[in-house]
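See below for the structure under consideration.
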Amino acid sequence: MSTAKKEYKRVTVKSLTEMKARGEKISMLTAYDYTMAKIVDGAGIDVILVGDSASNVMAGHETTLPITLDQMIYHASSVVRAINRALVVVDLPFGSYQSDPKEALRSAIRIMKESGGHSIKLEGGKEVKESIKRILNAGIPVMGHLGLTPQSIYKFGTYTVRAKEEEEAQKLKDDALMLQKAGCFALVLEKVPAQLAKEVADSLTIPVIGIGAGAGVDGQVLVTHDMVGMTHEFNPRFLRRYLDLHTEMTKAFEQYSTDVKNQSFPNEDEQY
């Protein structure tokens, strides 16, 4: 049962463990730039993910694969400069950790040194175990990511719900336990059946944060641009839109254009 929310001046990986132990749910959103991160942090969100979803949201790519390590460091640096409270987690992008544990460590070190981020996140289970161990041995906190792993989209060929079959569900459970034993401080579960996600969360001592994984996990994450309605083409079942900024911003831009053309902007009070 949930207890009263504790106020943290600065959220850390330890804070998240304490929140799970108390039954306090963890809030997590994405940010890729200073201005958005400032708003998200000021609203009291616990964790800010500098996601490789920047590849889609900020750059317009079809997948997360094209974004580079340098680009992730740029986005993360912008976010870190805005933060007073939230824990900042930075995605290791595709190609920066899969081929070689030494390369994974070099990538993680670059993110921590050059962006000032507080931790990194990477996708996968036992296949990236050695990379995770090497990064953790360097003192860098790691968040895992199982279920739908967008960097593997061409392997799966679809963004459909993962782990619906018993064999894949068991592998996910085994991988989740492995990630905890390896030392990950938290785990994201993306687009998996709610009952399976709850079983995983209940079986682990580290927090499990879901996206399309039901209410039985320890926290939730959404892409900020989706939940405030800046994007409008993406409509998965798990997405709740709290605003319709696409419509509101379009109206504002149209009104600005009209005001400029009919010379009502700027008026006498808006000039020197």
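Just so you know, residue 1 is the first one in the sequence shown, and it goes up from there.
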- Message: If I compare all heavy atoms of P101 with all of E130, which pair ends up nearest, and what's the gap?
- Response: CG-CB, 3.9 Å
- Message: Taking S15's backbone N and O only, do any of them form a donor-acceptor pair with K6's side chain (distance below 3.5 Å, no angle check)?
- Response: no
- Residue pair D33 / S78, side-chain donor-acceptor N/O under 3.5 Å: no
- Query: Is there a donor-acceptor contact under 3.5 Å linking the side chains of N262 and S264?
  - Reply: yes
- Item | Residue pair I211, F238: steps toward the side-chain contact (heavy atoms from CB on, under 4.5 Å) verdict | CA-CA 7 Å; I211 176 167; F238 63 79; 3.5 Å; yes
- Message: Connecting only ILVMFWY residues whose side-chain heavy atoms lie within less than 4.5 Å of each other, what is the rest of V57's hydrophobic cluster?
- Response: Y32, M58, V223
- Contact summary for Q71 and P66, nearest pair of heavy atoms: OE1-O, 4.2 Å
- Task: Not counting sequence neighbours, which residues clear ring pair (Phe, Tyr, Trp, His ring centres under 6.0 Å) with Y256? List them please.
- Result: F265
- Before giving the answer on side-chain contact (heavy atoms from CB on, under 4.5 Å), spell out for V188 and K121 the whole-Å C-alpha distance, their side-chain angles and the decisive distance to 0.1 Å. CA-CA 9 Å; V188 168; K121 179 171 76 66; 4.0 Å; yes
- Message: Counting C-beta onward and ignoring hydrogens, is there a side-chain heavy-atom pair between L87 and Y8 closer than 4.5 Å?
- Response: no
- Message: I want to check something: taking the side chain as every heavy atom from C-beta on, are E190 and V221 in contact at a cut-off of under 4.5 Å?
- Response: no
- Could I get the full list of ring pair (Phe, Tyr, Trp, His ring centres under 6.0 Å) partners for H61, not counting sequence neighbours? none
- T30 side chain to L49 main-chain N or O, any donor-acceptor pair under 3.5 Å? no
- Task: List the atom of S77, the atom of S115, and the distance in Å for their closest heavy-atom pair.
- Result: OG-CA, 3.3 Å
- Side-chain donor-acceptor pair present, T247, T250, cut-off under 3.5 Å: no
- Task: Decide salt bridge (Lys or Arg N to Asp or Glu O under 4.0 Å) for R106 and E103; before the verdict, give the C-alpha distance in whole Å, the side-chain angles of both, and the deciding distance to 0.1 Å.
- Result: CA-CA 5 Å; R106 284 192 292 268; E103 177 68 18; 3.0 Å; yes
- Query: Are the side chain of S203 and the backbone of V200 linked by a donor-acceptor contact shorter than 3.5 Å?
  - Reply: yes
